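Working notes for the structure below.
This one's a predicted model, so the numbers in the text were calculated from it and none came from an experiment. Side chains are part of it too, since the values below use all heavy atoms of this structure and drop only hydrogens, waters and symmetry mates. Start at 1 and go down the list; that is how both ligands and their atoms are numbered.
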Amino acid sequence: MIDFSGSAERITESTLVIGLVLPDVMGTYGDGGNALILRQRARLRGYDAEVLPITLADPVPATCDVYTLGGAEDYAQRLATRHLARYPGLQEAAGRGAPVLAICAAIQVLGHWYETSEGERVEGISLFDLTTSPQATRSIGEIAGEPLVEGLTQSLTGFENHRGGSALGPDARPLQRVTRGTGNGAGAAVDGVVQGSVIGTYMHGPALARNPELADLLLARATGDEQKDIDLPDVDLLRRERLGRAAREGAIPRR
Ligand code: GLN
């Protein structure tokens, strides 16, 4: 778990607060890095930004400017579900339009219900109109696709590792059309979910390190400001490496 000690004490009235939800149970595959990417991109643009870790020992505050949740194994995912249902700060924040990013297991927790690989059905918190059931096989590997959401223009990339497949209901839209990998599963060839201010994806990576445009979309919504470009050669290099291979192999269009 990334050490954020001291960050809560640095929060003042003017701080952009990035709520990292339950990193003690929902943080596999470095997903806590998504909060760091948001903090760094905000700071580079001159915002005073801090990450507030919200653990199982804390009630979930409704006051953060933006929230991120990571993936988890089945048991940890169940602990997180119970905590979010007991302290509905995230639901309240999403209700007032706060941006939320939910990765993998978090998509499932934010749906109406999910079935674990053991076949047990667990009630979710219904921020997403979707349900999740185990797929015949686990989906592991690179995922790439084209965004289906206004404000995103660049191909998306990440890696996935999940057994559950999510079926979207009429109030939920997919995040991207998948050209490589499984995404939501069940032959739908789409990944992720967008409903109001809440965005979910099966992409780990962490997703925002690989997809800075998605980070800036969340920041634009959190701040109400357009996020001007920042020159980060290392981030460009990472994208060139990840997307270059996918383009050479025909998984995404060449640009
Ligand atoms: N436990 C869930 C599944 O296997 C989510 C896994 C994850 O977050 N990577 O579907």
>> Tell me the protein heavy atom at minimum distance from atom 7 (C) of ligand 1, and give that distance in Å.
In response: C104 SG, 2.9 Å
> Do we see a donor-acceptor contact under 3.5 Å between the side chains of E9 and S5?
Replying inline: no
> For N184 and S166, does a side-chain donor sit closer than 3.5 Å to a side-chain acceptor?
Replying inline: no
> Does N161 come within less than 4.0 Å of ligand 1, judged by its heavy atoms?
Replying inline: yes
>> Quiz question: by atom type and distance under 3.5 Å, do the side chains of E73 and T28 form a donor-acceptor pair?
In response: no
> Which residue owns the protein heavy atom closest to atom 3 (C) of ligand 1, what's the atom, and how far is it?
Replying inline: R163 N, 3.5 Å
>> Is Q108 close enough to touch ligand 1? Criterion: a residue heavy atom under 4.0 Å from a ligand atom.
In response: yes
>> Can you see whether Q176 engages D191 through a side-chain donor-acceptor pair at a distance of less than 3.5 angstrom?
In response: yes
> What atoms of ligand 1 come closer than 4.0 angstrom to any heavy atom of Y29?
Replying inline: 9 (N)
> Which residue from Q77, Q135, H162 reaches closest to atom 2 (C) of ligand 1 through any of its heavy atoms?
Replying inline: Q77
>> I'd like to know if the side chain of Y47 pairs up with that of S14 as donor and acceptor (distance under 3.5 Å, no hydrogens or angles considered).
In response: no
> Taking the inter-plane angle between the rings of Y202 and H162 on a 0 to 90° scale, is it parallel (under 30°), tilted (30 to 60°) or perpendicular (over 60°)?
Replying inline: parallel
> With a cut-off of 4.0 Å, which atoms of ligand 1 are near a heavy atom of G71?
Replying inline: 8 (O)
> Is any side-chain N of the basic residue among E123 and R82 closer than 4.0 Å to the acidic one's carboxylate O?
Replying inline: no
> Taking atom 5 (C) of ligand 1 as the point of reference, which of G164, A72, G70 owns the nearest heavy atom?
Replying inline: A72
> ligand 1 and A105, any nitrogen or oxygen pair closer than 3.5 angstrom?
Replying inline: yes
> Is there a donor in the side chain of T157 and an acceptor in the side chain of R210, or the other way round, less than 3.5 Å apart?
Replying inline: yes
>> Please list the nearest protein heavy atom to atom 1 (N) of ligand 1 with its residue and the distance rounded to 0.1 Å.
In response: D74 OD1, 2.7 Å
> Are H204 and ligand 1 in contact, using a heavy-atom cut-off of under 4.0 Å?
Replying inline: yes
